Amino acid sequence: MQKKAICAEIGVYKGEYSQKILQITQPLKLHLIDPWQYQEDKMYQKACYGQLSGGQLLLEQKYENVVNQFAKEINLGQVVIHREYSNEIYSQFEDNYFDWIYIDGNHLYEFVKQDLELYYDKVKKGGFITGDDYGKGGWWQGGVTKAVNEFIAQGGVKLVKISGDQFILKKQG
């Protein structure tokens, strides 16, 4: 991913990947989007924000840890934390705002599809839509792969690379 970009990570959890983004790409602005909200539904029992999370109290701690971890960058305006669901905040960003986004939120098909569709216009032409857990089944039953494949088939993006379980798409139009 290009350095000195305006970018977003959807699905932050503990901020480990966020830290890598900062170190490697040195973005001008990194938007971290995550509700840090416990999901009680049985389908989420193996998800990091479901039963495996340990509950809302532990997710609150993870949120606070992320805020503390990036306090310096937040104060400098380099990192902005949005404690909201991605579908609730996308309209706050102008079209063609992001150089690239990284999608690692809710892995169920309908949510990945929604993130791809909602954030497509928010990415600049020639920008990148990237993400995690492509090719994996997991508790989400292959939702990432299905949504990404359908999104590619609709046109408007070109598959640049799949490396391990990471995907990179380039916005064409």
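None of the values given here were measured: they were computed from a predicted structure.
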Original post:
Got a sec, which residues hit side chain to side chain contact (heavy atoms under 4.5 Å, CB included) with Phe151, two or more places apart in sequence or on another chain?
Top reply: Leu116, Glu117, Tyr120, Ile129, Gln154, Val157, Leu169
Original post:
If you look at every heavy atom in Leu59 and Cys48, which pair is closest and at what distance?
Top reply: CD2-O, 4.1 Å
Original post:
Do side-chain atoms of Thr130 reach the backbone of Ile168 as a donor and acceptor pair under 3.5 angstrom?
Top reply: no
**OP:** Could you tell me whether Gln37 atom CD has more than 12 heavy atoms of other residues or ligands within 6.0 Å of it?
**Re:** yes
Subject >> Residue among Lys29, His31, Lys124 satisfying side chain to side chain donor-acceptor pair (under 3.5 Å) with Tyr97 >> reply: His31
Original post:
Going hydrophobic residue to hydrophobic residue with side-chain gaps under 4.5 angstrom, can you get from Phe70 over to Val67?
Top reply: yes
Subject >> Nearest non-hydrogen partners of Lys136 and Trp140, listed with the distance >> reply: O-NE1, 3.3 Å
Subject >> Which atom of Cys7 lies closest to which atom of Pro27, heavy atoms considered >> reply: SG-CB, 3.6 Å
**OP:** Return yes when atom CD of Glu110 has more than 12 non-hydrogen atoms of other residues, nucleotides or ligands closer than 6.0 Å, and no otherwise.
**Re:** yes
Original post:
Are Glu84 and Gln92 close enough that some pair of their side-chain heavy atoms sits under 4.5 Å apart?
Top reply: yes
Subject >> Joint cluster assignment, Val80 & Trp100, ILVMFWY side-chain distance < 4.5 Å >> reply: no
Original post:
Under the salt bridge (Lys or Arg N to Asp or Glu O under 4.0 Å) criterion, do Arg83 and Asp34 qualify, and how do the steps go?
Top reply: CA-CA 5 Å; Arg83 189 171 184 184; Asp34 195 308; over 6 Å; no
Original post:
Where is the tightest heavy-atom contact between Lys125 and Asn96, given as atom of each residue plus distance?
Top reply: N-OD1, 4.2 Å
Original post:
Going through the checks in order, is the side-chain contact (heavy atoms from CB on, under 4.5 Å) test met by Asp95 and Lys122?
Top reply: CA-CA 4 Å; Asp95 287 354; Lys122 306 304 176 187; 2.9 Å; yes
Original post:
Side-chain contact, heavy-atom cut-off 4.5 Å: Tyr49 with Asn106?
Top reply: yes
Original post:
So, the side chain of Asp99 versus the backbone of Ile6: is there a donor-acceptor pair under 3.5 Å, distance only?
Top reply: yes
**OP:** Verify the cluster assignment for Ile103 and Tyr109: are they in a single hydrophobic cluster under the rule of side-chain heavy atoms below 4.5 Å apart?
**Re:** no
Subject >> From Phe128, Phe167, Tyr17, residue fulfilling ring pair (Phe, Tyr, Trp, His ring centres under 6.0 Å) relative to Tyr102 >> reply: Tyr17
Subject >> ILVMFWY cluster, Tyr85 and Tyr119 together (side-chain gap under 4.5 Å) >> reply: no
Original post:
Between atom CG of Leu32 and atom CD1 of Ile21, what is the distance when rounded to the nearest 0.5 Å?
Top reply: 7.5 Å
Original post:
Checking Gln172 side chain against Lys170 main chain: does a donor-acceptor pair fall under 3.5 Å?
Top reply: yes
Original post:
How long is the span from the CD atom in Gln19 to the CD1 atom in Ile24, to the nearest 0.5 Å?
Top reply: 10.0 Å
**OP:** Answer yes or no: is there a donor N or O on one side and an acceptor on the other, between the side chain of Gln78 and the main chain of Leu30, under 3.5 Å?
**Re:** no
**OP:** Could you tell me the separation between the CD atom of Glu73 and the CG atom of Leu22, rounded to the nearest 0.5 Å?
**Re:** 5.5 Å
Original post:
Does a side-chain heavy-atom distance below 4.5 Å link Asp165 with Asp132?
Top reply: yes
Subject >> Residues which pass salt bridge (Lys or Arg N to Asp or Glu O under 4.0 Å) with Asp121, listed by chain and number, not counting sequence neighbours >> reply: none
**OP:** Taking all non-hydrogen atoms of both residues into account, name the closest pair between Gly135 and Thr145 and its distance.
**Re:** N-OG1, 2.6 Å
**OP:** Hey, could you give me the CG/CD1 distance between Asn68 and Ile74, rounded to the nearest 0.5 Å?
**Re:** 8.5 Å
Original post:
Under 4.5 Å between side-chain heavy atoms, hopping through other hydrophobics if needed: is there a path connecting Ile10 to Leu118?
Top reply: yes
Original post:
Does the Gln56 side chain pair with the main chain of Trp36, one donor and one acceptor, at a distance under 3.5 Å?
Top reply: yes
Original post:
Rounded to the nearest 0.5 Å, how far does CE of Met1 lie from OG1 of Thr25?
Top reply: 9.0 Å
Original post:
Do any pairs count as a salt bridge (Lys or Arg N to Asp or Glu O under 4.0 Å) and have a residue in residues 141-164, sequence neighbours left out, and if so which ones?
Top reply: none
Original post:
Taking all atoms of both residues into account, what is the closest heavy-atom pair of Ala147 and Lys113, and its distance?
Top reply: CB-N, 3.6 Å
